[in-house]
Amino acid sequence: RDINRFPWAGRLAGSWDDIRAEWDGFTQAGGQLPHLRDLLDEDQGSDGPWKAGLLISKGKPATRLAERFPTTVERTLDVPGIWSALWSVLPPGTELPEHQGPNAGVLRFHLGVDCPEHSALRVNDTVLPYQDKRAVLFDDTALHEAWNRGSTDRVTLFLEVLRPASGRSDLLNRATQRLLALDRRYRDAPARADEWDAALNHGLF
C-alpha cells in the first residue's frame, strides 16, 4: 500500500526514537517475550521461534506489558482504526513460510524497530527489506512471507488497522471484527499474555 496516503503512518514512524528507547529499556532490564504460539495456544507454522508481546487488543491497551511501553501505546492509540498491536520478534534463522490471512477487514502495518541486515518481508512479488524506522502497510489477504537470516533479533511494532471505510461498510466491518475476536485464540490472548509476563519477567519491573 502507498503509505503516503495514510498520514498516521508517517506520524508513528516519526516516533521511532521514543519507541526504540522503550524497547531498549525493556530488553536491557532483562525483559522477555513469550512465543506467539503460546499467546494464541496454536502453532503458527514458523520455522524457528516467533516471539510476541501483546499491547493492544480490540482497540484498547490489553496487558500488563502495555504499561511498560506508555509512549509506544499512546502513539499507537492515535492511529485511526487501530485494532491490535504487538511486538513481533524473529530471532536469527526464523522463517515464516508463505501464507495469507483470512481477514480482509484489517490492514497490517510493520514498523522496523531493530532490524538486522538480511531480514525481509515479501508481499506477492515485492520483497521489502526490514529497516529501522521503515514502515510497511499491506493487505493481509495477499500472499506473504517473512524471514530473518541475520545475526540478531528482528524487532517490529506490528499493528492491525481496520480497513478504511465509511457508513454502513465501516459499521459492518467493526461488527465482523468483534465477532472474530470471540475466537478463543484472540479472546484469551490477553490473559495468557499476562500469565507469561508474570512467569518470564517476575521481579524485573
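Hydrogens, waters and symmetry mates are skipped; everything else that's a heavy atom, side chains included, is used. Along the sequence shown, the residues carry numbers beginning at 1.
For the 3.5 Å distance criterion, the side chains of Thr126 and Asn124 fail to qualify, holding no donor opposite an acceptor. Side-chain contact annotation: Gln100 with Thr141, donor-acceptor N/O pair under 3.5 Å absent. Side-chain contact check for Gln32 and Asp197: no donor-acceptor pair (N or O, by modelled atom type) lies under 3.5 Å.
Side-chain heavy-atom separations under 4.5 angstrom define the hydrophobic clusters, and the remaining members of the one that includes Tyr130 are Leu121, Val123, Leu128, Val136, Phe138.
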- Task: Go through Ile19 and Leu157 one step at a time and tell me if the side chain to side chain contact (heavy atoms under 4.5 Å, CB included) criterion holds.
- Result: CA-CA 9 Å; Ile19 293 169; Leu157 182 63; 4.2 Å; yes
- Message: Please evaluate residues Arg163 and Asp139 with respect to the criterion salt bridge (charged side-chain N to carboxylate O under 4.0 Å, His left out), reporting the C-alpha separation (whole Å), side-chain torsions for both, the decisive distance (0.1 Å), and the verdict.
- Response: CA-CA 9 Å; Arg163 184 182 291 272; Asp139 187 332; 2.9 Å; yes
- Check against salt bridge (charged side-chain N to carboxylate O under 4.0 Å, His left out), Arg20 and Asp24: CA-CA 6 Å; Arg20 175 63 184 267; Asp24 286 345; 3.0 Å; yes
- Message: Under the criterion side chain to side chain contact (heavy atoms under 4.5 Å, CB included), I'd like the reasoning laid out for Val106 against Leu162: C-alpha separation, chi angles, the key distance, then a yes or no.
- Response: CA-CA 4 Å; Val106 295; Leu162 295 176; 4.2 Å; yes
- Task: Could you walk me through whether Glu22 and Arg68 pass the salt bridge (charged side-chain N to carboxylate O under 4.0 Å, His left out) test, one step at a time?
- Result: CA-CA 8 Å; Glu22 286 192 334; Arg68 303 201 186 104; over 6 Å; no
- Query: Given the rule in the side chain to side chain contact (heavy atoms under 4.5 Å, CB included) test, do Trp87 and Phe69 qualify, once you have shown the distances and angles that lead to the verdict?
  - Reply: CA-CA 11 Å; Trp87 293 110; Phe69 298 94; 3.5 Å; yes
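Using cut-offs of 30° and 60° on the angle between ring planes, the pair Trp23 and Phe26 is tilted.
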Give the table of side-chain donor-acceptor pairs shorter than 3.5 Å for residues 46-58, with sequence neighbours excluded, one pair per line with atom names and distance.
unit_1: Ser46; atom_1: OG; unit_2: Gly48; atom_2: O; d: 2.7
unit_1: Trp50; atom_1: NE1; unit_2: Ser88; atom_2: OG; d: 3.0

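Trp83 and Trp8 are assigned to two separate hydrophobic clusters, defined by single-linkage of ILVMFWY side chains at heavy-atom distances under 4.5 Å. Residues Leu86 and Phe205 are members of separate hydrophobic clusters, defined by side-chain heavy-atom contacts under 4.5 angstrom among Ile, Leu, Val, Met, Phe, Trp and Tyr. Val79 and Leu111 end up in the same hydrophobic cluster when Ile, Leu, Val, Met, Phe, Trp and Tyr side chains are linked at under 4.5 Å.
Of the inter-residue distances, the one linking Gln44 atom CD with Leu36 atom CG reads 4.5 Å to the nearest 0.5 angstrom.
A donor-acceptor pair is defined here as one N or O able to donate and one able to accept, closer than 3.5 Å; such a pair exists between the side chain of Thr76 and the backbone of Thr72. Remark: the backbone N or O of Val155 is not paired with any side-chain donor or acceptor of Asp153 at under 3.5 angstrom. In this structure, the side chain of His99 engages the main chain of Pro97 through a donor-acceptor pair within 3.5 Å. Side chain of Asn173 to backbone of Gly105: a donor-acceptor contact under 3.5 angstrom is found. A donor-acceptor pair under 3.5 Å is absent between the side-chain atoms of Asn148 and the main chain of Ser119, judged by distance alone.
A salt bridge does not link Arg149 with Glu117: none of the charged nitrogens is closer than 4.0 Å to a carboxylate oxygen. With salt bridges taken as basic N to acidic carboxylate O contacts below 4.0 Å, one links Asp188 and Arg192. Salt-bridge annotation for Asp183 and Arg187: absent, with no side-chain N of the basic residue lying under 4.0 Å from a carboxylate O of the acidic one.
Nearest heavy atoms, Val73 versus Ala66: CG2-O, 3.7 Å.
Considering Arg185, Arg184, Arg37 in turn, Arg185 is the only one that fulfils the salt bridge (Lys or Arg N to Asp or Glu O under 4.0 Å) rule with Glu42. Of the listed residues (Arg154, His118, Arg122), just one forms a side chain to side chain contact (heavy atoms under 4.5 Å, CB included) with Trp147, and that residue is Arg122.
Not a single side-chain hydrogen bond (donor to acceptor under 3.5 Å, both in side chains) links Thr176 to another residue, sequence neighbours left out.
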